[in-house]
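Report on the structure given below.
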Number of protein chains: 6
Amino acid sequence: MLSEDIGSGDITVAATIPGNACASAQYRTKQSLVVAGIPVLQEIVKLLDAQIEFKAHCADGASISSGTAIAEIRGSARSILTVERTSLNILQHLCGIATLTRQYVERVAGTHARIIDTRKTVPGLRVLEKYAVTCGGGTNHRMGLFDGVLIKNNHLVFHSSIAVAMREARRHVGHLVKIEVEVRSLDELRVALESGADVVLLDNFNPEQTGKAVEMTRGRIPLESSGGITLETVRDFAETGVDYISVGALTHSARAADIHLRVTSE
Amino acid sequence: MLSEDIGSGDITVAATIPGNACASAQYRTKQSLVVAGIPVLQEIVKLLDAQIEFKAHCADGASISSGTAIAEIRGSARSILTVERTSLNILQHLCGIATLTRQYVERVAGTHARIIDTRKTVPGLRVLEKYAVTCGGGTNHRMGLFDGVLIKNNHLVFHSSIAVAMREARRHVGHLVKIEVEVRSLDELRVALESGADVVLLDNFNPEQTGKAVEMTRGRIPLESSGGITLETVRDFAETGVDYISVGALTHSARAADIHLRVTSE
Amino acid sequence: MLSEDIGSGDITVAATIPGNACASAQYRTKQSLVVAGIPVLQEIVKLLDAQIEFKAHCADGASISSGTAIAEIRGSARSILTVERTSLNILQHLCGIATLTRQYVERVAGTHARIIDTRKTVPGLRVLEKYAVTCGGGTNHRMGLFDGVLIKNNHLVFHSSIAVAMREARRHVGHLVKIEVEVRSLDELRVALESGADVVLLDNFNPEQTGKAVEMTRGRIPLESSGGITLETVRDFAETGVDYISVGALTHSARAADIHLRVTSE
Amino acid sequence: MLSEDIGSGDITVAATIPGNACASAQYRTKQSLVVAGIPVLQEIVKLLDAQIEFKAHCADGASISSGTAIAEIRGSARSILTVERTSLNILQHLCGIATLTRQYVERVAGTHARIIDTRKTVPGLRVLEKYAVTCGGGTNHRMGLFDGVLIKNNHLVFHSSIAVAMREARRHVGHLVKIEVEVRSLDELRVALESGADVVLLDNFNPEQTGKAVEMTRGRIPLESSGGITLETVRDFAETGVDYISVGALTHSARAADIHLRVTSE
Amino acid sequence: MLSEDIGSGDITVAATIPGNACASAQYRTKQSLVVAGIPVLQEIVKLLDAQIEFKAHCADGASISSGTAIAEIRGSARSILTVERTSLNILQHLCGIATLTRQYVERVAGTHARIIDTRKTVPGLRVLEKYAVTCGGGTNHRMGLFDGVLIKNNHLVFHSSIAVAMREARRHVGHLVKIEVEVRSLDELRVALESGADVVLLDNFNPEQTGKAVEMTRGRIPLESSGGITLETVRDFAETGVDYISVGALTHSARAADIHLRVTSE
Amino acid sequence: MLSEDIGSGDITVAATIPGNACASAQYRTKQSLVVAGIPVLQEIVKLLDAQIEFKAHCADGASISSGTAIAEIRGSARSILTVERTSLNILQHLCGIATLTRQYVERVAGTHARIIDTRKTVPGLRVLEKYAVTCGGGTNHRMGLFDGVLIKNNHLVFHSSIAVAMREARRHVGHLVKIEVEVRSLDELRVALESGADVVLLDNFNPEQTGKAVEMTRGRIPLESSGGITLETVRDFAETGVDYISVGALTHSARAADIHLRVTSE
């Protein structure tokens, strides 16, 4: 992250800031937000210059209002000015995700449903983005292709039926692996239940269909709603009694939070 | 990008798809968009499996409508299913940026103003995101701290005046380096002009103030508008005659484009 | 792997073999063994010199007798002699693991039990060693700490009971994650079953105790036997009806298979 | 080493151990062994978590009995539980090598012979394994292809005689490089001696032939015995007066030592 | 830098210096020179062994006479002896560049001209070498292909005229980028001036032609002299009034400075 | 090498050369030189753009006159212009070393002495520079600290005498390792010979002292002259009968050869 911004050197700082100048600076939000990424922020700042003092003013997961100071740093003015943009970029990105996640979580408050993320993350930031989701109160789906089986439509293309795919999968996977299957209709759901799926993903079901799926399943296994669910529609899904609602937008389309670094000469 | 998703292996594919199964697949958009990232897409697909055939159906910068096929791949079913999500993630991200950029560019059509990006990019993707901006018709600001001097308010904190900072900077930088200065008022603009700034950034000026700045400058050097400019307000700025309008949202807050991979067994 | 052996260059080859000499060479076993690692072998050979032709004479998982040729290479004599030791080291290591695994698998033939590996692998070779286990007919336990929950005694130290630990774990993990708990007595097994464990590991149970555990569980969840099980004792465990038998020695203590490279000048 | 085990995170620890829990833990052997790898152990533990205190209870090369504590760590319970397996894997591997080496060394006690290792090491661990051999009392052969010339049968295939190969080699190598030649008969040994070899490797000689080789050489240069020498036969070789006995099994086939980590909540 | 020298270990030190021996050592020059690279020296020493104390006796840019101590280290004798050569190699290289640069700078003292470097640097050391040039009193040309446009003859091959190339370039580059054009005659200079070049490089002009170029340009834009300029000829160029004189030899052909490390046992 | 020059992109080429333009280009020398680095040149060119055709016109080690074409490339104009400087930098550097080495070798023609290099190489380029020395007809000393023992004055500081250091070293090093000792007087040489040194380095002996050393040694072991030997003095040393003459300047102070790339549009 730092090297793509700094490259062969910060020429503005080299040309305008004395090497021995000292500064303090505050990361301060200009909007209300949910905090995520304090340890990452500290890591990046220390990575550039281990001598910078870092002090957090709030913890990941905290909900703060506009104007609040998130963290404070103190040390070499050159280092602080050089790290400004990169550190803000990651902090704004993670807080944006946590804040959007919190909105979804609040919309489904009082229901049984949990908001979960997807693998639709920005390339290179998977682990950090999924962490931000948990700061917002969401739960993580699998981290990648390596830690859970999800048989989607594109896999079913190669099998005559869900039942066959399920049987094949069960035969191969380890004893700690659950198998989730994506279904597009109540009929497919019935097959998935009979085939011993551990979890079923309801692909693009509307709330009414989702309600029928919940009835049909009667709590035997968890159900996950997925596909184009928005802040406007999420409550309708949650009230059907579905267990999980996955939202790709949490990670691929959250707006960056509006955070600034206010620098003071010392 | 691939390793964060694949990790120790794609266990769904290993459990459900025969090693010798073949497939073809189409990257297909579900919205109208501006294409960006075809070469990156090809690179990622080939990186996972050099044997996959890749055929682009349109070029970066093209404006396409919902339902259009962007590219097509053919080869090992396992490889195609494994690369699906990672390749979509980057393609959706870059097309999202290009599409948003194009909207800004179209809003200012007919004026002198050019839409430019900022360093507010998602960590790790700077070069690719800036490339997507050019696909959308935007122009790149500096790539990082290494290829241009921009003296911002946080730098000016360490100097008694813009004039002093400018003099200091000019003394240090190489002969191919331009110096841009951020100003917050017409008074500061006047000082910047007198100090020999090569470019001036008008920080959070409204359109009226921007118009006065354009008048005061009379084309001697380029002016850049910056700060919270949206699709709604961008035209007002453009019509003042300002040269550049920078928009951080192009890269930090574009929504991912809605693109799917449709897989067919062969 | 190659660089630790070659370092600043193979000085024997440089001093004794002409740059344009050609050779062919056969990887040939001096013992009966189960083959594992053909694709790795090819990768290493091609990595050193992409011009070398590689031809496999048998497939991973094949059981072959002493004297059989496993693969053949042809090309630059210098390259072949330089790659000899590194390629043999990895091939001998993986075939050793597959061969030992096959012996365990054959000992439990006809029973319900499956032989599985552990995380007791040689540092740096986890994925390859676990692959070799599957070549020998074994099944993989989790790949690492990231793809399965196994609550061991050392974790239970921090909880008042298995029930509490289970409840805590269930509350935190994703919906595709199974929870396995290690127990040291039938009493602990009873608690684990009541607490909703997905799998139970029987730590250092003898065959008799294992039989009782199988009875108590009545197939509700899978059971795994673990702890010092050898070729001599594995059948006794298998006959109790236990589902999985994990053997650390498969990966940490298999003897390297005896394979040589016979080089011919061309 | 750590990343292959931890990957995207230790989900058991995250789900069951509070972030602020503290622990101490002892690395304790369940067999008598020769210690090797204390500094590596410390490095790995500190790499995961620099805050963990590390205290060694014995030194590399020490011979200890079953039940002895090797080292002790204290700090974050999460870190200690996460590092457990990886740290044990490398410690068990290195102690296994040192312990086997010590057995060979003790078998030849009182003779002139020194036990040396080979390049038959587990890929990726060459330097550590060779270090473990010295902890066991063995001596290192060359580290790789870069620091010594050993003309083996596979090199001689490209030359009309040992004499020609020797002459060629001497002409090319630097003035600090010794040349060792592999011979398969007393006749070849005679040629090697006449050709000015600095060291000769007796390939698969039995003890009787080895004795004759020692006589023929009369101490002019060192001789190395190599090929299938076991704990049972090593003394017979040593008593011939040969200078070095190389044993591939030291590094490629040592059993992992039986060491556990006993964790206590603090 | 360290790993290419140390590789699998410093066998001289391991064989002759006790692990607990302590030493102090002085970096001492045997010629008069300009110092460059103190922070790099410290970095390398600390990288090998963080316990070594490092104390600089002079600062980068200082002009010192033969026999002066540059820096002093104290700590493990093994570490000091192992780091000796690598640390000297980089220090001698950088001081050599700074010293040569200072000679050029002194030759042009009193004129308007500044001595600048080129991209003719030793592969892998660009940033450090350019830093050494500034220690000697020189100024940096662009760091690489990424931070400045210089249209050279080899680019002009693809255009019908300098004017066309200039127009093309201006249309593409960002608003903080200056464009320099290489010319080979006064006629080409005239075209470059008319085309709006920001800087012009006079390729292989002799001093007389350079003087005419300065006259023709009349200070409108900076001029750079380039091509085979030596310590003997540099003053003639400087006296023409040219702004910059670039010298490739500063970085590609400076002699290493003569610096030794004097070690004392403690 | 490429990334330090290209960084975030070659903006000159992007702004002035069409993406589909083709070119051919010749690496052509402007001085007589000894060629070194053709395979490296090819590697770098192919690394940037695998589609570029590469054709060598002469071989490493060849002595060529001014104006000769060394190699020719053909392909994308953008790639050729981007790779120009980096490829020239390494080629000029290596040819410079080979050319200087050849001069030393020719000065000692007819004597027994061989010209050898040292570890005084430019950081990061050790292996390539040592290769260039062999292209010039020189011989390589050890590659680093890992492949030969050289006990220098700085090591002897820690021992009461050369004899003690030699005994210590012999006890520790492997059986393929030679031991060279640095001596500063004929008395020290006598001790070194008695202590069984394999090679002796005569540190800063003048030719007369060197002659006496050769007499005293009577060919029992090789002798190496070292310390400030120049093109002017090297013959005097060679005629004493010394075996090796090491010259640090070969690698640390050779001037870059004068080579250009002549580009033609196609």
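What you see is a predicted model; the values in this text were computed from it and never measured.
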Check the pair D/His175, F/Lys178 against side chain to side chain contact (heavy atoms under 4.5 Å, CB included), reporting the backbone distance first and the verdict last. CA-CA 8 Å; D/His175 64 297; F/Lys178 284 195 182 169; over 6 Å; no
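- From D/Leu176, atom CG reaches atom CG of F/Asn140 across 11.5 Å, with rounding to the nearest 0.5 Å.
- Using a 4.5 Å heavy-atom cut-off against chain D, the contacting residues of residues 107-114 of chain F are F/Arg114.
- Counting heavy-atom pairs under 4.5 Å between each of F/Ile179, F/Val199, F/Asp198, F/Val173 and chain D puts F/Val199 at the top.
- Annotation for D/Arg170: atom CZ counts as buried by contact number, over 12 foreign heavy atoms lying within 6.0 Å.
- Interatomic distance, F/His172 NE2 to D/Thr139 OG1, rounded to the nearest 0.5 Å: 10.0 Å.
- When the heavy atoms of residues 206-240 of chain D are compared with those of chain F, the residues falling under 4.5 Å are D/Glu224, listed by number.
- In this structure, the portions of D/Phe146 lying under 4.5 Å from any heavy atom of chain F include both its backbone and its side chain.
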